[in-house]
Amino acid sequence: QVQLAESGGGLVQAGGSLRLSCAASGRTFSNSAMGWFRQAPGKDREFVAAISRGGGATSYADSVKGRFTVARDNAKNTAYLQMNSLKPEDTAVYYCAAGRLLGTAAVQYDYWGQGTQVTVSS
């Protein structure tokens with residue numbers, strides 16, 4: 001099993017940056033692809049970014065491409081989401097998730113964190 005805990009959310013002005021972290025416990029972090037999803041009030045959870053087990057492959061939603069960067073440090077059992085040039089429409093609860101293979105669908109991930117709120121003011 002993998003337990004996940006996100007941190008780094010907060011309130012930021014439009015154009016600002018935040019870095020989210022996802023700390024994992026358990027022995028299988030390096031064997032897990034990591035995904036980031038977000039859910040805004042009244043909307044479905046949506047894919048944001050994902051990274052493969054070794055970090056060699058990444059995937060991004062079109063809405064964040066060029067602004068967000070996903071990374072991982074397997075020695076620290078931690079995944080990251082660097083978010084730059086934030087926009088008010090990025091406001092959501094952000095979740096990290098672990099799964100066997102890199103994917104863009106929530107159903108492909110087996111373990112989820114509790115989420116961290118990101119609010120971008122205009």
Please confirm whether the backbone N or O of [Y] pairs with a side-chain atom of [X], one donor and one acceptor, at under 3.5 Å?
| X | Y | answer |
| --- | --- | --- |
| Ser63 | Ala61 | no |
| Thr116 | Gly9 | yes |
| Glu6 | Cys96 | yes |
| Ser52 | Ala57 | yes |

Inter-residue atom distance [X].[atom1] - [Y].[atom2], 0.5 Å rounding:
| X | Y | atom1 | atom2 | answer |
| --- | --- | --- | --- | --- |
| Met83 | Leu20 | CE | CG | 4.0 Å |
| Gln82 | Ser17 | CD | OG | 6.0 Å |
| Asp44 | Gln39 | CG | CD | 7.0 Å |
| Phe68 | Asn84 | CZ | CG | 8.5 Å |

Derivation and outcome, side chain to side chain contact (heavy atoms under 4.5 Å, CB included), residues Thr119 and Val12: CA-CA 6 Å; Thr119 303; Val12 63; over 6 Å; no

Excluding sequence neighbours, so at least two apart, what forms salt bridge (charged side-chain N to carboxylate O under 4.0 Å, His left out) with Asp62?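 In terms of salt bridge (charged side-chain N to carboxylate O under 4.0 Å, His left out), with neighbours along the sequence ignored, Asp62 is linked to Lys65.
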
Looking at residues at least two apart in the chain, or sitting in another chain, which of them share a salt bridge (charged side-chain N to carboxylate O under 4.0 Å, His left out) with Arg38?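 Applying salt bridge (charged side-chain N to carboxylate O under 4.0 Å, His left out) to Arg38 gives Glu46, Asp90.
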
Distance-minimising heavy-atom pair for [X] and [Y]:
| X | Y | answer |
| --- | --- | --- |
| Thr69 | Tyr60 | CA-OH, 3.4 Å |
| Ile51 | Leu102 | C-CD1, 3.7 Å |
| Asp73 | Phe29 | O-CE2, 4.0 Å |
| Ala92 | Gln117 | O-NE2, 3.4 Å |
| Ala14 | Ser122 | CB-CA, 4.4 Å |
| Thr78 | Ser21 | CG2-CB, 4.2 Å |

Side chain to side chain contact (heavy atoms under 4.5 Å, CB included), that's the test. Do Thr91 and Val118 meet it? Break it down for me. CA-CA 5 Å; Thr91 295; Val118 171; 5.9 Å; no

Checking Arg72 against Tyr80: charged group under 6.0 Å from the ring centre and within 45 degrees of the axis?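 So Arg72 doesn't make the cation-pi contact.
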
Take Arg67 and Lys87 through the side chain to side chain contact (heavy atoms under 4.5 Å, CB included) test and state the conclusion after the steps. CA-CA 10 Å; Arg67 300 188 297 122; Lys87 305 175 181 180; 3.8 Å; yes

Chi angles and distances behind the side chain to side chain contact (heavy atoms under 4.5 Å, CB included) call for Met34, Cys22: CA-CA 9 Å; Met34 298 299 297; Cys22 175; 3.9 Å; yes

Given the rule that I, L, V, M, F, W and Y join up when any side-chain heavy atoms are under 4.5 Å apart, are [X] and [Y] in one cluster?
| X | Y | result |
| --- | --- | --- |
| Val93 | Val70 | no |
| Phe47 | Leu4 | no |
| Trp36 | Leu18 | yes |

Who pairs with Tyr94 by ring pair (Phe, Tyr, Trp, His ring centres under 6.0 Å), at least two apart in sequence or on another chain?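 Per chain and number, Tyr94 pairs via ring pair (Phe, Tyr, Trp, His ring centres under 6.0 Å) with no residue.
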
Report the relative orientation of the aromatic rings in Tyr109 and Phe37; use parallel for angles under 30°, tilted for 30 to 60°, perpendicular for over 60°.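 It falls in the perpendicular class, over 60°.
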
Do you see a donor-acceptor pair shorter than 3.5 Å between the side chains of Ser121 and Gln13?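 Side-chain D/A pair, Ser121 to Gln13: absent.
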
